[in-house]
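The block underneath contains the structure these notes are about, expressed in structure tokens.
Predicted model, so just to flag it, every value in this text is computed and none were measured.
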Amino acid sequence: IVGGFLMTGRMLDMFRRPDDPPSYSKLLMIPVLGLMAFYIPRATAGPRLATASGGLLTQAAVALGAGGSIGLIIAARCAITDLPQLVAAFHSLVGLAATITSIAAYMSHPAATGAAHLGAAWFGVLIGAVTFTGSIVAFAKLQGLVPSKEVSLPGKNVWNSVALGASLYFGKMFFDFACVGAVGDAVGSLAYVAALGAFLGAHATLAVGGGDTPVVITVLNSSSGWALCAEGFVLGSQLLTVVGALIGASGAILSQIMCVAMNRSIVGVLLGIKGTLKPKGSNAKPGAAVDGAMLCDAERGECIVSDSETAAKDLFDAKTVLIVPGYGLAVSKAQYAMADLIKHLRDAGKEVIVAVHPVAGRMPGQLNVLLAEAGVPYDIVKEMEEIEGSEGKFDVSLVVGANDTVNPSAVMDPDSELAGMPVIQVWRSRKVLVLKRSLAGGYADVDNPLFFNENTNMVLGDAKATVDDMYSKLKNLG
């Protein structure tokens, strides 16, 4: 909680400008403190602070202080580029807490055998375990500790179905044992549910291809909310139930929004079904977006390698420029250099548009935050849908660290892992400049034929160093 609030505050501060009016959000703590001062002395029933022993309150205070301090340190030190990993790691803690709390709550009150209470305990253990291991795997993928490509057992959906069915079976056993007072056997059944949920979370997340990982992050965000909601039912806490439902619902809505933007179905993402279930206009027809005559011989690795001086000349000659940032911009911390380049181009009278793909980076909004941090004007930062179909009007498209989000395979190759995903069709521009370290694939590890187009110039190297060099050369050109 503490780490999340600090990181959220850091992100919101990046959108502030020197001429913005002062913020008085801290004053919101006044009614919160007033409500606590009114409520705490009057809490007399159930598991409330007023009825807790001094030793229990001390333990709670120490746990809250220690956890809050650790969260503050982690969030303060975390770079914005590592935000997706941080979110995944924090989600795993929510899942673990839900699993442990659900089991502990039953053990503390085994006589409570109401269907709602026992059902909430079973659901909390299952969804908490799924969230715990799924988030750990997502963290490992984002951190590069495990392959970003799909990894699964043969017949992955059969394994997942068996695990889910077995969880339901042991859930029934838990109900039966709890109703007859067999606490040990009931806890053992919950342990099996936790183990099966842990397998399901890890295996299902590993089986998702790299291009769909941002959606999995939001799905896990939603599952962490429902795990928290289950905790609230188990503990009889309206606050946990409401907050968990808010997180779960908002995460589900965000997941759906991202799937719509990627022209995918949420079921297709979670089951590892490639491609789109419903064509999205002409963009979904293989080969419709790229003229085959424009492609060089990718097998021989033929491409046009340029340098920052030539790229600067291309920008100098252009009247309209489309900039597409990606995760490479975040890794190289090139947002400030990019902001300087954008300002110079606009001061020279050129039309500059920055197009951000919904899943650019590793998490929704990550590139928007970085651009805001560097002071790039809001009005020139557009979502993919806002520039869709107009890529051809730009003299130059400057791709900075993006790969999968500009990959023609998404519309050319129906067998590609990216098939059906809407991409920013920069190849329609008169000239494309791709700033990238190498010709390697992106996060989805799919080859990109854009690199071998006749109108594409590859400017290889670190994004920040290259943009700085281009900016210097542009200033010399006038």
N/O donor-acceptor pair under 3.5 Å between Lys431 side chain and Ala318 backbone: no
With Arg437, which residues qualify under salt bridge (charged side-chain N to carboxylate O under 4.0 Å, His left out), at least two apart? Asp462
Side-chain heavy-atom pair Phe139, Leu142 within 4.5 angstrom cut-off: no
Interatomic spacing from CZ in Arg77 to CG in Leu72 - rounded to 0.5 Å: 11.5 Å
For Lys313, which residues count as a salt bridge (charged side-chain N to carboxylate O under 4.0 Å, His left out) partner, sequence neighbours excluded? Asp317
Side-chain (Lys350) to main-chain (Ile342) donor-acceptor, under 3.5 angstrom: no
Looking only at non-hydrogen atoms, find the nearest pair between Ala230 and Gly124 and report the distance. CB-CA, 3.6 Å
Using every non-hydrogen atom in the two residues, find where Ala463 and Val400 come nearest and quote the distance to one decimal. CB-CG1, 4.1 Å
Verify side chain to side chain contact (heavy atoms under 4.5 Å, CB included) between Leu329 and Gln335, making sure each step is shown before the conclusion. CA-CA 7 Å; Leu329 179 141; Gln335 62 267 32; 4.1 Å; yes
Checking Thr456 against Val434 for the side chain to side chain contact (heavy atoms under 4.5 Å, CB included) test, could you report, in this order, the C-alpha distance in whole Å, the side-chain angles of both residues, the deciding distance, and whether it holds? CA-CA 7 Å; Thr456 298; Val434 178; 3.8 Å; yes
Would a distance-only check, ignoring hydrogens and angles, find a side-chain to backbone donor-acceptor pair under 3.5 Å from Ser167 to Leu196? no
Checking side-chain polar atoms at under 3.5 Å, does Thr310 have a donor or acceptor matched by the opposite partner on Asp307? yes
Does Val215 form a side chain to side chain contact (heavy atoms under 4.5 Å, CB included) with Val208? I'd like the steps, not just the answer. CA-CA 10 Å; Val215 178; Val208 174; over 6 Å; no
Distance, nearest 0.5 Å, that separates OG of Ser397 from CD of Gln425: 11.0 Å
So, the side chain of Ser308 versus the backbone of Met470: is there a donor-acceptor pair under 3.5 Å, distance only? no
So how far is it from Leu220 CG to Thr133 OG1, rounded to the nearest 0.5 Å? 9.0 Å
Quick one, Val376 with Met338, criterion side chain to side chain contact (heavy atoms under 4.5 Å, CB included). Give me CA distance, side-chain angles, the key distance, then yes/no. CA-CA 9 Å; Val376 176; Met338 180 55 63; 5.6 Å; no
Distance col, row Leu322:CG vs Leu433:CG, nearest 0.5 angstrom, shows 11.0 Å
Taking Trp122 for the side chain and Phe170 for the main chain, is one N or O donor matched with an acceptor at less than 3.5 Å? no
Check: Lys436 side chain, Asn403 main-chain N or O, donor-acceptor pair, under 3.5 Å: no
Exercise answer: donor-acceptor pairs, residues 246-253 side-chain atoms, under 3.5 Å, sequence neighbours excluded:
from   : atom 1 : to     : atom 2 : distance (Å)
Ser250 : OG     : Leu246 : O      : 2.9
Ser250 : OG     : Ile247 : O      : 3.0

According to ring pair (Phe, Tyr, Trp, His ring centres under 6.0 Å), who are the partners of Phe199, at least two apart in sequence or on a separate chain? His203
Can you list every salt bridge (Lys or Arg N to Asp or Glu O under 4.0 Å) pair that touches residues 326-345, not counting sequence neighbours? Lys343-Asp347
Atom pair CG/CG of Asn448 and Asn453 - distance to nearest 0.5 Å: 8.5 Å
Shortest non-hydrogen contact from Met384 toward Ile424: CG-CG1, 3.8 Å
On a heavy-atom basis, which atom in Thr218 and which in Ser255 lie closest, and how many Å separate them? OG1-OG, 2.8 Å
Any sub-3.5 Å donor-acceptor pair from His357's side-chain atoms to Pro422's backbone N or O? yes
Determine whether a donor-acceptor pair (N or O, by modelled atom type, separation under 3.5 Å) exists between the side chain of Ser224 and the backbone of His91. no
Return the orientation label for the His344 and Tyr471 ring planes: parallel under 30°, perpendicular over 60°, tilted otherwise. perpendicular
Interatomic distance, CZ@Phe316 vs CG@Leu345, rounded to 0.5 Å, equals 11.0 Å
Heavy atoms of Trp427 and Val406 approach each other most closely as CZ3-O, 3.5 Å
Short side-chain to backbone donor-acceptor contact, Asn455 and Ser429, under 3.5 Å: yes
Determine whether the side chains of Ser92 and Ser135 contain a donor N or O and an acceptor N or O closer than 3.5 Å. no
Passes side-chain hydrogen bond (donor to acceptor under 3.5 Å, both in side chains), Thr131 versus Ser223? Steps please. CA-CA 6 Å; Thr131 303; Ser223 68; 2.8 Å; yes
Among all residues two or more places apart in sequence or in another chain, which pass the ring pair (Phe, Tyr, Trp, His ring centres under 6.0 Å) test with Phe233? none
Quick check: closest heavy atoms across Ala312 and Leu474, and the distance to 0.1 Å? O-CD2, 3.4 Å
Could you check whether any side-chain N or O of Glu231 sits under 3.5 Å from a backbone N or O of Cys229, counting only pairs where one atom can act as donor and the other as acceptor? no
